[in-house]
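To find a chain, count down the sequence lines: A is the first, B the second, and so on, and within it residues start at 1. Not measured: the values here are computed from a predicted model. Excluded from the calculations below are hydrogen atoms, water molecules and symmetry mates; all remaining heavy atoms, backbone and side chain alike, are included.
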Amino acid sequence: MKVRYFAWLRERVGRAEEEIALPPHIETVGDLVGWLKSRGPEFEGAFENAAVVRAALDHTHASLDTRLGQAQEVAFFPPMTGG
Amino acid sequence: MKVRYFAWLRERVGRAEEEIALPPHIETVGDLVGWLKSRGPEFEGAFENAAVVRAALDHTHASLDTRLGQAQEVAFFPPMTGG
Amino acid sequence: MAGQASFPVSIRVEEAPFDPTAELARLSGADDMGAVVSFTGLCRGEGGRLAALELEHYPGMVEAELARLIAEAGRRWPLLAVTVIHRHGRIAVGEPIVLVITASAHREAAFSAAAFLMDWLKTRAPFWKREIAADGTPGDWIEAKADDDAAASRWDAPEAAQ
Amino acid sequence: MAGQASFPVSIRVEEAPFDPTAELARLSGADDMGAVVSFTGLCRGEGGRLAALELEHYPGMVEAELARLIAEAGRRWPLLAVTVIHRHGRIAVGEPIVLVITASAHREAAFSAAAFLMDWLKTRAPFWKREIAADGTPGDWIEAKADDDAAASRWDAPEAAQ
């Protein structure tokens, strides 16, 4: 699965995207966040405040309890500030 | 005093404007309407439905009880339909 | 409703067609101009029934009333510029009739002021429309709509101005 | 939020500056197009503090999300055309960032749809702004505003679609 990061989340985790092999029992976006946070302090820091992290599955907004299902790409980013 | 008429009011009274010498005791826009209606059937017809007649004094919206005061120009017209 | 606006105001009432895009381009952005809203009102053909509209107006009062409406908008919202152009005479189907442009630092003020100006212009600026049928025959004067009165009256209460 | 709009839609997400007036001119008036509203969002200088904004975006998702927002607007109001252009990359003070154009038969639909699209775009389209100071130094990421969330949420209830 491709994971992408944007804006200050990208800066904090130190990469724009990566391919990950999903470990077993990771079923929802929230499960994935929990697993990512276990990978090191840069992830722990980036995801420490869940209230300001947004997610998308295959280009569609998702919430922490959205199931990953067959999604090819998951993205994490701060609240949007376009327009 | 100059009196001007617009749109279907102009058509019904058969003129776009006229100079009138205000008779005594005509103090408000409503008084003037009453006097105009006494001038003939075209005025009687034009002003028969007071609810659809608007007035302005010197280019400012006025109501039936607005006093004519020193106004130089009074205008009568239907509800506006610009824009 | 008295008083002058404290920002650049352009008011034009004219017979010739105008180009809304050229008018929008005329607006030079100040450092703090973050939002520009434009409204263009066009002559509808009503499914081929009409060739044009004929607009009568009250010269002098139109300009004075538009200036009063713009000054009122300036008291309600922090505006940086306003343009209002309104045509009179014969306006063919597809041509613009009216253009309102409002500029502000933020979008809410620009949107609200533009909607307010259009709603009040419709019920307060002395213009009257008559239909010209597809075969060129002058038709009826258009009647004022209760909808337009309702749209204008939503701005009556001071608390509606935010 | 699924589905396609039934009217002409133009969505562009690009780095180069665009000309809002040229985009407005591109809209050809249908017989029943009586109202066109445009919103242009410009880069403010914040009193000389900023030189530019740098906009990061999520290619692919931006276009998909904008298409969903426009389709939703089309379900709420009888629209005849919608254009949305949004830039990314470096945007100098005074330059346009975003343009939304909505066309309808009547002004209320065009105004409401434009305001709706801007409110939802601000909170749902994946763009992130960072300040570039007057001396060229990259500054902070701009934080999302509670005001913008409030503006977006006023469209949540179906009855707010009027």
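Of the listed residues (Pro20(C), Gly48(C), Ala115(C)), the one with the most heavy-atom contacts under 4.5 Å to chain D is Ala115(C). Chosen from Gly47(D), Cys43(D), Ala151(D), the residue pairing most often with chain C at heavy-atom distances under 4.5 Å is Gly47(D). Counting heavy-atom pairs under 4.5 Å between each of Asp147(D), Val37(D), Thr40(D) and chain C puts Thr40(D) at the top.
Of the two parts of Ala110(D), neither the backbone nor the side chain holds a non-hydrogen atom closer than 4.5 Å to a non-hydrogen atom of chain C. Heavy-atom distances place no part of Ala30(C) under 4.5 Å from chain D, backbone and side chain included. Looking at Asp19(C), there are no atoms closer than 4.5 Å to chain D (heavy atoms on both sides), in backbone or side chain.
Residue Glu14(D) qualifies as enclosed at atom CD: its count of foreign heavy atoms under 6.0 Å is above 12.
Heavy-atom neighbours of chain C within the stretch residues 126-137 of chain D, taken at a separation under 4.5 angstrom, are nonexistent. Listed in order of number, the residues of residues 86-103 of chain C that approach chain D to under 4.5 Å between heavy atoms are Val93(C).
Among residues two or more places apart in sequence or in another chain, the side chain to side chain contact (heavy atoms under 4.5 Å, CB included) test is passed with Glu46(C) by Arg44(C), Arg49(C), Leu50(C). For Asp31(D), the salt bridge (charged side-chain N to carboxylate O under 4.0 Å, His left out) test picks out no residue, with sequence neighbours left out.
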Worked check of side chain to side chain contact (heavy atoms under 4.5 Å, CB included) between Ser38(D) and Leu24(C): CA-CA 10 Å; Ser38(D) 80; Leu24(C) 200 56; 4.2 Å; yes
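Residues Arg107(D) and Asp148(C) have side chains in contact (heavy-atom distance under 4.5 Å, counting atoms from C-beta outward).
In this structure, Phe111(D) has its ring center closer than 6.0 angstrom to the ring center of Phe39(C).
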